[in-house]
Amino acid sequence: MIIDMPTTNTAKVNAKIVELRQQGGAVALGRVLTLVIVTDDGEKTEEAIEAANEASREHPCRVIVVARGAREAAARLDAQIRVGGDAGASEVVVLRLYGELVEHGDTCVIPLLLPDAPVVAWWPFESPDKPSEDRIGQLAHRRITDAATDKDPVRALACRRSSYSDGDTDLAWTRLTQWRAYLAAALDLPPYEEITGATVSGEADSPSTDLLAGWLAAYLKIPVRRLPPQRNAPGINSVVLERKSGPVELSRLDGKVGTLRQPGQPDRRVALARRNVKDCLVEELRRLDPDEIYEATLEGLTQVEADAPEGAPA
Amino acid sequence: MTTWQNPLRDERDKRLPRIAGPCGLVIFGVTGDLSRKKLMPAIYDLANRGLLPPGFALTGFARRDWENEDFAQVVYDAVKEHARTPFRQEVWDRLAEGIRFVQGTFDDDEAFDRLAQTVRELDEERGTGGNHAFYLSIPPAAFPVVCKQLARSGLANQDGESWRRVVIEKPFGHDLESARELNGIVNEVFPEESVFRIDHYLGKETVQNILALRFANQLYEPIWNANYVDHVQITMAEDIGLGGRAGYYDGIGAARDVIQNHLLQLMAFTTIEDPVSFSPQSLRTERIKVLSATKPAEPFGETTARGQYTGGWQGGKKVPGLLEEEGFPPDSTTETFAAITLEVNTRRWAGVPFYLRTGKRLGRRVTEIAVMFKRAPHLPFDQTSTEELGQNAVVIRIQPDEGITIRFGSKVPGTTMEVRDVTMDFSYGRAFTESSPEAYERLILDVLLGEPSLFPVAGEIERSWEILDPILDFWTKQGKPDPYAPGEWGPPSAEKMLGRTGRTWRHP
C-alpha cells in the first residue's frame, strides 16, 4: 500500500504510521533498526529503495528516504508511506524535500527514527566528503557510502581514508568479502609458508581493487603492487600471493568466474560474480560496530605501489 | 616450526565466513525424498552463499542406471524446485562440474571399488585433497553393510592431514540396546569424532536462539528455575497422517520417532546450565549433564498417554484412520500420539514437571516450547477482577512462524479494574525467515568444517534411550493406544494426565 501525503510535516507522517499500524494489525513489530537513505531525488532513488526493501527481509527495519529535490523551489515537504507488499519486510517513508528544507533533512528524520534502535545512514550514490560530520551522518551509528558509484571513485576513496571515523564503511569494501574469504581460506591450508610478495590488478577506477591491495598490505605487512587491468576485464582482475613453493593466484577475467591456482594442485573454478547492492547491504546491516579491519585497510592503502599501465604481472 | 598463523585471519574480522577446506560429499540414497528436498538444495544454497570450497565435489550412489549427467539433472531439478536462494547459473555451473554418479547396490564390492576410484579421481581433478564425507541417507538396516564396504574399499581410511567423516540420520536405534549396537557398528569403522548424527532440529535458528535468549539476556535467567517456573510443555504436532510411511513407522511410533531425539534435545537446550564457553565440548558436557539428571515421572499409568488417530474429518477433508492407512496391519498398536512427563533432578529444576507431547493428525503443524510460570503469590485485587488471568508464559515457537511470545496480565481499558491475559510477540517474521538458512545448510557446512557443536554424541543418544525405554516397556504391556479423532489434540487420556495436577495443555 502506498499513501501519498503532499505538502505535509513529520507529525502528520508519524500519526499516519501509527494509524496504519492500528488498522493493519501488527505491521511494525520486530523492527531492528532505522535505515536512512540519503540521495538526490531522481530515477535512481527507486533502485536504492528496492535494494533496501530486499535487505529488510533479513533485517526488518524502517526505511526513511531523504530525497533532495530542487533547491530553487519554495520550501516544502512531500511524504509517501509504503507498507505491506510495497515495502518488503519494512515500512518505507519517502521524504521529498524542496527549497531551503533540502539543507535540513536531519530535522525531518529525527521525529521518525525508531525509539532505542540503531540508525544506519546510507548514501547510495554521491556522499559527503566527511560522512561522520554530515548532519544526518551524526545521527547514525553506522554510515554506509559507496565509492564505486561516485562520479570520481578515486577521489571518493581518498576522501574515505582521510575522513575515516568509527562506524564508517563503504560498499566497495563489502564487495570484496568473497575475494578475501577465498584468499584467507587458501592460506588456512598447507604449505604454511610466509607470503613474500603480492600483486593485485584491476580496473584503474575500481576502488575495490585498491582496497583489496590495501587489505593485503595491512595484513601481510609487505608492500603490495597495484597493476592496471588485464584484457580490459571489469572490476578486480587478479591477486597473486608469492611464496617459496610457488604463487597462489585468484583471478577473474570475465567478471563472473574465478580461478584459484596453486602449485601442485588442479585449477579450481569458483563462482565469484560482482555482488549486487542488496547482498552488500544485507552484510552491512548485520554488524553495527566499528569495522577495525576496514580502518586498517584504509591505512594499508599507503603501502600500495601503483605501477605504470603496461606490463604483464610479475 | 611454530603453529601457522594465517596472516589474513583476524578474529575481529566478522565478515569473513568460514569456508570449508577442499572436500567432497558422497550421498548414499540419493533417490530418497530427504535427499531431493533437503540435502541437494542445501548444498546449492551453501554454494550460492560462497561457503563451499572451490572444487567441491558431490557424488551420488544408488541402484539406478544413471550417468553423471542424469544425476546432475536430478540435482538440477531438485535445486530449481526446492532451493531457498535464487538460482544463479554461474554458481550452478561450478557445482555441476563436480557432480559424479556411481551405480551399484550396497552388497556389490565392485561398485564400492568404483566409488573409491571416483573419489581418487576427484582428488586429482578437483583437488578435494582426500577429504570426504559420506552421508548415509539410507535405512539403518543398511548401515552395517555400507560401513563394512566403506572399510573394505579403503574409503574410510584417513591418513595424515586428510579426513573422512560419516553422517547418519535418525532413527538411532529403537531402544538402548539397538542404539549401542548401531554405535558399535559405526564406531568400528569411523572413530566417534568422525561421526556426525543429524538431528535437524539442532540446526534450526530458533533452537540456537534459545541459548542466546537464555544466556545473552539478564531478563530471563533469574526466573528460569523451579522458584518461578510452574511447568514446561514441549509440543511437536503435525497435521499430516502416516499414509505411505508404514514401512518406516509401524512398530516405531511417535515416542521413538520424535521424543527420543527432537523433543529431548529441545528439553536439553531449555534446561541446561550455562556452559563454560560455547565450545562443542562444553555444550556437550552440559547437555549430557542435564540428560543424566532427567528421569521419567512415575507411575506411568498416570504420567503418560498414548493415542492412535482414527478416521474422520480434518480441515475440510475426510481422512483415514491409522489402521486403514495402507501398509499398517489392522491390529497395529503403533502409537501416533505420545505424551510423557519428565523430571529433572537438579537444584534448578527439582519439582518442575516437563510435559513432552507429539503426534500426527493433530490440530495443526506446530513445534513450541512453553515455559509456564507460577501465579503471583498474592494478588491485591478483588477475586472477580483477576478471574480471567492465567499464568505468565514464555513461549518459544520453533516452527512454523518462528518467534517468541510472552503472555502476561494487563488491565482491560475501562473504569473497573479487570485484568486479562495479553501477549507480546516477537516474530522473526515470515519474510525474515526466507533469508535465514535452512537447518540442513548449517549442519552440512558444520560437517565439512568438522564443527561438532550441533550434533548429538553417542553418549547423548544412549542417555535419551535410558530415559525413554522404561516408558516404552510399560506401553507394550498396555495393549492398544487410546483412539483420538483427527484434528484434535490427542486422546482424552492426555488431558487427564495433566488434569490430575490441575494443569491443562496449552492450545498451541
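The chains referred to below are lettered A, B, ... by the order of the sequence lines, with proteins before strands, and numbering in each begins at 1.
Counting all heavy atoms, side chain and backbone alike, A:Pro266 lies closest to B:Glu124 at CG-O, 3.1 Å. Across every non-hydrogen atom of B:Leu16 and A:Ala181, the tightest pair is CD2-N, 3.6 Å.
For A:Trp179, no part lies under 4.5 angstrom from a heavy atom of chain B. Heavy atoms of A:Arg180 lying under 4.5 Å from chain B belong to its backbone as well as its side chain. Contact of A:Tyr182 with chain B is made through backbone and side chain together, with heavy-atom distances under 4.5 Å. Of the two parts of B:Leu95, neither the backbone nor the side chain holds a non-hydrogen atom closer than 4.5 Å to a non-hydrogen atom of chain A. Neither the backbone nor the side chain of A:Thr259 comes within contact range of chain B; no heavy atom of the residue lies under 4.5 Å from a heavy atom of that chain.
Annotation for A:Arg287: atom CZ counts as buried by contact number, over 12 foreign heavy atoms lying within 6.0 Å. The neighbour count for A:Glu194 CD, taken as heavy atoms of other residues, nucleotides or ligands under 6.0 Å away, does not exceed 12. Around CD of B:Glu193, the count of heavy atoms belonging to other residues, nucleotides or ligands within 6.0 Å exceeds 12. Atom CZ of B:Arg49 is surrounded by more than 12 heavy atoms from other residues, nucleotides or ligands within 6.0 Å. For CZ of A:Arg243, the number of neighbouring non-hydrogen atoms (other residues, nucleotides, ligands) closer than 6.0 Å is greater than 12.
Formation of a donor-acceptor pair under 3.5 Å by the A:Asp188 side chain with backbone atoms of B:Gly21 is not found in this model. Judged by distance alone, the side chain of B:Trp4 and the main-chain N or O of A:Pro190 form no donor-acceptor pair under 3.5 Å. Between the side chain of B:Glu90 and the main chain of A:Ala273, no donor-acceptor pair closer than 3.5 Å is present. Between the B:Arg126 side chain and the A:Arg268 main chain, no donor and acceptor come within less than 3.5 Å of each other.
Taking chain A as the reference chain and counting heavy-atom pairs below 4.5 Å, the highest number among B:Ala20, B:Pro22, B:Gly98, B:Pro53 is found for B:Pro22.
With rounding to the nearest 0.5 Å, the separation of CD in A:Glu283 from NZ in B:Lys14 is 12.5 Å. Taking CD of A:Glu292 as the reference point, atom CG of B:Asp10 lies at 8.0 Å (rounded to 0.5 Å). Note: B:Leu8 CG to A:Leu187 CG = 5.0 Å, rounded to the nearest 0.5 Å. Between the CG atom of B:Asn131 and the CG atom of A:Leu189 there is a distance of 8.5 Å, given to the nearest 0.5 Å. If you take CG on B:Asp123 and CD on A:Gln265, they are separated by 11.0 Å, rounding to the nearest 0.5 Å. B:Glu125 contributes atom CD, which lies 13.0 Å from atom CG of A:Asp267 (distance to the nearest 0.5 angstrom).
The side-chain heavy atoms of A:Glu284 and B:Arg15, taken from C-beta on, include a pair separated by under 4.5 Å.
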